[in-house]
Trainee: 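Shown below is the structure under consideration.
Numbers here are sequence positions counted from 1. Computed from a predicted structure; not experimentally measured.
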Amino acid sequence: MSLRTKTVLGIALIEITILMILTFSAMSFLSDSNEQQLIKRANAAATLFSHAAKDSVLSTDLATLNDLVDEFAGLDDVAYVRVLRDGKEMACAGDKDLLDRQMHEDKTLDGVSDGVFDVRVPITVGTTNFAIVDIGFETTMISSMLANAQKAIIAIASIEVVLVAIFSFILGTYLTRGLTRLTTAANKLGQSGPGYQLNHNSSDELGDVARAFDSMSAKLEKDYSDLSSARADAELACDSKSRFLASMSHEIRTPMNGVLGILNILEETNLNKEQKKLVSTATESGHFLLSVINDILDFTRMESNTLILENKAFNVHRCIESVVDTFQPSANAQGLVLHCYIEQDVPKYLVGDENRVKQILLNLIGNAIKFTQEGSIQIKVAGQTIEQNRVSLNCIVTDTGIGISKNALDYLFDEFTMVDQTYSRSKEGSGLGLAICKRLCTLMDGDVTVQSQPQLGSTFSFNIKLEVASQESETEETSTTPDLVRNDLSILVAEDNRANQLVIKEMFKRLGIDIDIAENGLEALKRVEEYRYDLIFMDISMPQMDGMQACHAIRALEDSNTASTPIVALTAHSLAGDKEKFLAAGMNDYLSKPLRLSQLIEKINLFVSKPSPEAMQTSLDESIVDMQPEETKLTQNIEVETKLWGRRKEDKDLELVDEKILQQMIEDTSAEVIPLLIDHYVEESNQRLDKIYIAMDASDKETLEFEAHTLGSSSLALGNRTLSNLARKIEHLCIEGQQESAFKLKEELQILADNSLNALEQRKLKGFTESAG
């Protein structure tokens with residue numbers, strides 16, 4: 001039912017109800033009024049007649065009495081008159097039928113059934129009744145008058161109802177016309193976006209609503225435009241971040257593959273004690289650098305919700321003991337007691353991601369050993385059944401190390417922060433280990449906490465919830481290197497990095513296989529056109545023609561046998577989604593750098609033994625799943641992190657660009673990558689500063705706190721220490737509820753940010769070199 005119909009019916013219903021009440025009230029009033037008048041007139045006339053006939057009745061003057069009766073009966077509305085004495089009729093006049101009937105005195109009009117109102121009055125002397133006078137008064141005129149009045153009232157009420165209905169229709173139409181326009185405008189707003197205007201100029205309330213709608217639509221259009229622009233900027237920044245991480249991953253992992261491969265080969269040669277120590281140190285540094293890259297990639301996956309946990313049965317006791325055994329040599333070398341106790345209530349087999357559980361333990365135990373000079377590290381593991389087939393695994397790592405200050409505990413699990421941010425810090429790391437631990441625990445329905453006192457030690461506790469598995473469901477892994485099924489193979493390797501070429505050649509040399517090397521994708525295509533290969537290992541990032549383009553070109557060759565040659569992607573790319581891109585490009589499988597000899601043999605055996613298509617697909621699916629643990633494996637050197645900023649006075653004498661931090665960054669990465677990092681940092685900082693200024697103007701405490709926190713972390717990492725200190729000051733003012741003071745720092749922040757970013761740009765122009773030490 002439309003609003004107009006409801007308006008018409010509502011008003012008409014109200015009007016009809018009121019009219020009915022008025023009509024019934026008027027009719028009741030008229031009836032009562034005429035009844036009272038009739039009763040008073042009848043009683044008065046009867047009394048008057050009795051007084052007039054009294055003398056005639058007492059003297060029995062029948063002639064005079066008859067004249068009086070006849071005269072009175074001739075009056076209007078008098079139906080009959082009769083005088084009775086001792087039950088006998090002395091005189092009468094009027095309607096004979098009425099006189100012959102049995103007379104009943106009437107008190108009200110409701111009791112009249114024959115159209116005559118009957119009245120009886122006695123003729124008395126003193127207290128003695130000598131006679132009775134009966135008089136009948138006709139009620140026809142009164143009834144007729146009441147009927148006419150009722151018809152007139154009903155006619156007037158009906159006309160009024162019609163007029164009200166017409167008026168209601170006009171009013172409803174007027175009201176709903178404005179609402180209909182608003183409805184149409186709202187629909188157009190939803191279909192074509194904000195900006196539509198009603199342009200209704202009336203001065204009533206509907207005009208006010210229309211103008212409010214126009215104002216809202218215009219504001220929505222502006223906000224929508226700003227939001228679209230911000231979304232485009234955010235997507236561009238996210239894409240830039242992804243490309244930066246992909247580039248960093250490839251550019252670092254590719255040369256590190258060559259470095260670690262050469263070091264592994266060098267370890268097997270005849271070296272003296274000092275040389276072996278140097279090679280071992282170089283190998284550990286290389287693995288540490290890879291662990292930093294893996295930390296960053298892990299954290300990026302968690303931020304984008306693309307990190308997927310495995311769900312396989314594993315031996316919990318062996319998992320924990322293997323991690324503890326890994327740290328035993330380090331603990332012994334430092335004179336520390338490393339003890340692990342697993343309670344009996346911990347099931348032997350659970351279902352979950354074994355590598356991620358190891359990753360958490362590696363972080364926590366590694367931190368405990370690094371920051372404990374003397375004493376012990378104790379690991380206690382307990383289990384608690386929370387459901388029929390579900391267990392809460394609780395692990396406590398307690399050390400007697402240097403401990404952590406109280407103000408640092410609040411920021412311990414934040415990303416890209418460390419207890420010691422200075423150039424002279426003795427413990428290296430990416431600042432992500434504990435942040436990753438916390439997020440991994442969250443993904444496994446748990447949490448990680450810490451209790452610590454300076455110089456007394458720390459206790460890290462974490463709990464995760466896993467399902468119980470049977471022993472039979474566990475898949476045992478073998479650590480032995482598989483045998484090569486064939487060595488009479490023709491293999492092409494497309495790799496542009498010379499160090500990696502050397503490593504790969506040495507690996508195949510050990511297998512007794514001579515390989516061909518192509519410097520880029522174009523050269524690989526030419527060799528495939530000239531020779532028939534059993535297997536092709538294809539790097540992704542190469543000059544002239546990359547690996548995916550080369551794969552497309554090979555698959556498009558006319559020779560079907562050559563076009564169907566198995567191609568295995570060989571790359572340092574390890575971001576989420578990259579593996580799927582390589583496989584969609586036509587490659588048969590995927591290997592991540594740095595390579596392992598066992599993995600290389602497995603891939604060769606997979607494709608030269610010619611298994612069934614179903615087995616090939618199964619192996620491919622498993623290889624995709626199994627890549628993640630390799631990409632995210634951490635070494636023992638995981639750092640304890642926390643924010644450096646506390647409530648101390650800001651040092652005004654710090655330079656805008658801290659050279660010590662830049663030199664530390666060069667040592668952690670390389671001089672060549674610093675300009676790229678600065679460009680990325682400056683671009684993101686300008687975008688983040690814009691958000692901070694908007695938040696300050698809008699008094700948006702939450703946004704200001706978040707953006708200032710991120711700006712403080714990133715600024716300190718690239719040497720803008722003074723800018724970082726001011727950002728942290730703003731962040732803590734928001735945390736402590738003093739956001740009004742934070743909002744007033746906008747002008748100071750603008751000046752310092754411009755100077756700091758310009759100073760970093762000027763420092764980039766001077767170039768960077770590796771330190772001699």
Trainee: Measure the CD-CZ distance between Glu495 and Phe537 for me, rounded to the nearest 0.5 Å.
Mentor: 12.5 Å

Trainee: Are any of the side-chain heavy atoms of Leu393 and Asn463 separated by less than 4.5 Å?
Mentor: no

Trainee: Would you say the side-chain atoms of His339 pair up with the backbone N or O of Lys380, donor to acceptor, closer than 3.5 Å?
Mentor: no

Trainee: Do Asp399 side-chain atoms and Thr372 backbone N/O form a donor-acceptor pair below 3.5 Å?
Mentor: no

Trainee: If you count heavy atoms of other groups shown closer than 6.0 angstrom to CD of Gln334, is the number above 12?
Mentor: yes

Trainee: Could you report the tightest heavy-atom contact between Cys441 and Val448, atom names first, then the distance?
Mentor: SG-CB, 4.2 Å

Trainee: Roughly how far apart are Asp447 CG and Ser461 OG, rounded to 0.5 Å?
Mentor: 10.5 Å

Trainee: Any non-hydrogen side-chain atom of Asn394 less than 4.5 Å from a side-chain atom of Val381?
Mentor: no

Trainee: At their closest point, which heavy atom of Asp353 faces which heavy atom of Phe314, and how far apart are they?
Mentor: N-CE2, 4.4 Å

Trainee: With distance as the sole test, does Gln275 use its side chain to make a donor-acceptor pair with the main-chain N or O of Asn272 at under 3.5 Å?
Mentor: yes

Trainee: So, taking the atom named CD1 in Ile365 and the one named CD in Gln378, what distance separates them when rounded to the nearest 0.5 Å?
Mentor: 12.5 Å

Trainee: Where do Asp534 and Asp488 come nearest, in terms of heavy atoms and distance?
Mentor: OD2-O, 4.2 Å

Trainee: What residue among Val397, Val324, Leu361 forms side chain to side chain contact (heavy atoms under 4.5 Å, CB included) with Cys340?
Mentor: Val324

Trainee: Answer yes or no: is there a side-chain heavy-atom contact under 4.5 Å between Lys603 and Leu591?
Mentor: yes

Trainee: Determine the minimum heavy-atom distance between His317 and Asn315, stating which atoms define it.
Mentor: N-OD1, 3.1 Å

Trainee: Between atom CG of Leu600 and atom CD1 of Ile491, what is the distance when rounded to the nearest 0.5 Å?
Mentor: 7.5 Å

Trainee: Kindly compute the distance separating CZ (Arg356) from SG (Cys319), expressed to the nearest 0.5 Å.
Mentor: 13.0 Å

Trainee: With distance as the sole test, does Ser452 use its side chain to make a donor-acceptor pair with the main-chain N or O of Gly457 at under 3.5 Å?
Mentor: yes

Trainee: Can you confirm whether Asp345 is buried at CG, in the sense that more than 12 heavy atoms of other residues, nucleotides or ligands lie under 6.0 Å from that atom?
Mentor: yes

Trainee: Is there a donor-acceptor pair closer than 3.5 Å between any side-chain N or O of Lys465 and the backbone N or O of Asp445?
Mentor: yes

Trainee: How long is the span from the CD1 atom in Ile377 to the OG1 atom in Thr400, to the nearest 0.5 Å?
Mentor: 6.5 Å

Trainee: Looking only at non-hydrogen atoms, find the nearest pair between Ala569 and Met587 and report the distance.
Mentor: CB-SD, 3.3 Å

